[in-house]
Every structure is written in structure tokens, then in C-alpha cells.
Amino acid sequence: MQPWTFELADHTDQPAATVWRKTLARLSLPEATLLVPTDAERRADPRQRITGRVTQVITPLGIEITRLTGSPQRIAGRYSAQTDGVWLAILLSEGDTSDGPSATLASNGKSWTLGAGAIGCGPLAADAVLTLPRSFSMLYVRLPRLSLHFRLLAPTPLRVGVLDSTLGIRRVLAGFLQSLGQSLEAMDTRQLRAIELALSELLIGCVLSDPAYGGGDPPLNRRIAAMHSLCQLIESELTDPDLTMTAIARKHGISPRGLQKLFASTGQNFSQYLRQRRLARCHDDLASPLSAHLSISEICFRWGFNDAAHFSRSFRQAYDLTPREWRRQATGIVRDE
């Protein structure tokens, strides 16, 4: 799998700040404000360059892994297109910190220093401000609901903050993320499947081991863990148009009634969840530059729908837009398919 790359220096026909904001929006990142002189000031002093480079891969489960390198900036807001999920951020290079911290994270009146090895994290639905006062290299990971949601159903919800990565499993996660940030170009689909499983399990271990980040009591954790494993199994089988609850229960090693009870504890049933996940994967693919070469029908059948008209009706009911309208809005693609 070839990563998607973007180099700001290759786009000189528009103001650099405008191009960069559009690029981050395309990558599901909140709005960025460059903390550098304006384009006019830069023209007056060419030594002050605005730089920006992006490398992104998307795993089979839809986890977006993005390496950002660029000029000082502030990334603020939240990802409004999808409110269920978690983000992670870690600096890959910290630079000279003699004149202050290399990065800070702020949310809800609190702020944290994001130094070397520290992991910023939070729910996609929460507003946060990440300030990078000097040139930086950073790994940003967006994990959608399917990767973590049921493992984070605990009395205290996940909040924006910084995971201290000096000890235990958090140190392992920090090292994993730093290595991942240096190796994106070398990953194929098989390797990304292993990456997504390891990443979700490491983060879950960090969260559930700390009550401040949503750890629940053992019975609750066991149920959440079972649901998480079940959802990952379903996700790996979404492309099968003949997928049934009985088949999933058998592969998971429980009875169909046991499967129904797990879903009932979340207020859903198997059929609803299966349809929602297939629609969500189609929704993401229609907005992704990595799937721009696929037609709407190809995306529909890719994720287990076997009737294009039924898919279109279900999509519109879920998102208040037809698949074509959503793709046009998200990517500008207007061709008939």
C-alpha cells in the first residue's frame, strides 16, 4: 500500500496558509493556524519559509496514521464529521527546548506540556488546542469507534490529556508510536493489520489501567473486552455479503443468544451494528483520497452491500445525503457513477 503524501512546496499557486488548512481538513484534522509571518511578510524576507509535509496511511480497520512535519502552528478545534473515536499525538522530534516547551496541549481550561515521548490523546468530539511553537515532526493517529468504542464504555469517559509515558505499558506505546512514525512508507496491508491490532490493544491497556482515563471495575472490563473482540471480528468480515449473526457467533466461540445479549447491553442488535459499520466504511471511503479511483458502486459492493439501490437509501437515511452528494461535498468528485 502506497502512503498518501503531500508537500506544501509543490503548491505555490495559492497562499501557503490556505493550502495547509485545506490539507489538514482533508485529513480529518481540526483547523490549523500557522504561527509564522504572513505570505506577504515572507516575500519581504525569503529566509522565513512556511513548510509542511504530510504522509498518511489508512489501515484496513480505518485507523488513520499521519506523520506531519512543518512550521510552527496551532491546531485547534475538534473533528466534527465523526464524534465517536480517539486521537493520539506524539512528537517524533523535539528540537531545542531551551526557550520553552516544544509543544503544549490545552482543553477545558487545563494545559499540559507535550515533551519528548509524551502522548497527547482525547476523544474526537472534544475541543482541544495543540500549540507547536517551533518546527516539528509529529505522528497523529485517529482511531474510529470500531477500534476502541466498546472498550472505553466505562463510568469515567476518556478526556483530553497527556499520558505520562515514562513507565509501564505507556512507555511501550510511546516507543511503538515513535517507531511507527519513522516507518510509514514501508508498511504493506498485511503489516498494517498487525499494526492496528497492536495499537488498539496498547492504547486500551493504557486507558483501562488508569481510572482517571475511564478504567472500570473488572466485570465491566470483561464485558467491554468481549464486545471489543467481537466488533473487531465483525470488522474483519464486513466484506462478506452473506455474513450472519450465527456465523459470527460460531467464530467468536459463543452462542447466538450470548451474542445478542452482548449487543443488547449496548442498546443495539447485530443487524443494526452490521449495517452501521458497513455504511461508516463506505462513508469514509467516499471521502478518502485513497479511494478516489473507485466508483460508488465499487465501494458499496466492497463493504458487503449487494444492492446498490438499497445502499443508497440506507446511506441517505443515515447521513441525510446521497453517496454522490457526500463524495462531491467531501472531495469535489462530480462524475456520474
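Of the inter-residue distances, the one linking L274 atom CG with E235 atom CD reads 9.5 Å to the nearest 0.5 angstrom. Going from atom CG of L199 over to atom OG1 of T59 covers 8.5 Å, rounded to the nearest 0.5 Å. T104 OG1 to W112 CH2: the interatomic distance, rounded to the nearest 0.5 Å, is 10.5 Å. The CG atom of L68 sits 4.5 Å away from the CE atom of M138 when rounded to the nearest 0.5 Å. Here W303 contributes atom CH2 and R281 contributes atom CZ; the two are 3.5 Å apart, rounded to the nearest 0.5 Å. Remark: D188 CG to I195 CD1 distance equals 10.5 Å, nearest 0.5 Å.
Under the 3.5 Å distance criterion, the side-chain polar atoms of S312 are left unmatched by any main-chain donor or acceptor of A308. A side-chain donor-acceptor contact under 3.5 Å links T244 to the backbone of A247. A donor-acceptor distance shorter than 3.5 angstrom exists from the side chain of S107 to the backbone of D127, with no hydrogens or angles considered.
The two residues L139 and G181 come nearest to each other via the heavy atoms CD1-CA, 3.7 Å. Contact detail for A103 and L132: the closest heavy-atom pair is CB-CD2, 3.8 Å. Nearest approach of Y319 to A280, heavy atoms of both residues: OH-CA, 3.4 Å. Pairing each heavy atom of L163 with each of C121, the nearest pair is CG-SG, 4.0 Å. Heavy-atom minimum distance, D285 versus S291: O-CB, 3.3 Å. When all heavy atoms are compared, the tightest approach of L243 to I234 is CD2-O, 4.4 Å.
Residues I254 and K261 form no side-chain contact, since every pair of their non-hydrogen atoms from C-beta on lies 4.5 Å or further apart. Within the 4.5 Å cutoff, side-chain heavy atoms of I299 are placed close to those of R327. Contact check for R278 versus F311: no side-chain heavy atoms found under the 4.5 Å cut-off. Looking at H293 and E298, their side chains never come closer than 4.5 Å, going by heavy atoms from C-beta outward.
Cluster annotation: F301 and L238 are assigned to distinct hydrophobic clusters (Ile/Leu/Val/Met/Phe/Trp/Tyr, side-chain heavy-atom contacts under 4.5 Å, transitive). Residues V129 and V160 do not share a hydrophobic cluster, defined by chaining ILVMFWY side chains whose heavy atoms lie under 4.5 Å apart.
Applying the 6.0 Å contact sphere to CG of N108 captures no more than 12 heavy atoms from other residues, nucleotides or ligands. Remark: R53 CZ is packed, more than 12 non-hydrogen atoms of other residues, nucleotides or ligands lying under 6.0 Å away.
Using a 4.0 Å cut-off between a side-chain N of Lys or Arg and a carboxylate O of Asp or Glu, R277 and E237 do not qualify as a salt bridge. Using a 4.0 Å cut-off between a side-chain N of Lys or Arg and a carboxylate O of Asp or Glu, E325 and R316 do not qualify as a salt bridge.
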Step-by-step side chain to side chain contact (heavy atoms under 4.5 Å, CB included) determination, L173 to S165
CA-CA 8 Å; L173 175 59; S165 56; over 6 Å; no
Apply side-chain hydrogen bond (donor to acceptor under 3.5 Å, both in side chains) to the pair T51 and S71, showing each step before the final yes or no.
CA-CA 5 Å; T51 61; S71 300; 3.2 Å; yes
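In this pair, F6 and W20 present their aromatic rings tilted. The plane angle is within the 30 to 60° band. Using the six-membered ring where Trp is involved, Y140 and W87 have ring planes that are parallel, under 30° apart on the 30 and 60° scheme.
Tested against I90, the residues V141, L114, L177 include a single side chain to side chain contact (heavy atoms under 4.5 Å, CB included) partner, L177. Paired with F315 under the rule side chain to side chain contact (heavy atoms under 4.5 Å, CB included), one option of H310, R324, H283 passes, and it is H283. Checking Q56, E185, Q182 one by one against R67, the side chain to side chain donor-acceptor pair (under 3.5 Å) holds for a single residue, E185.
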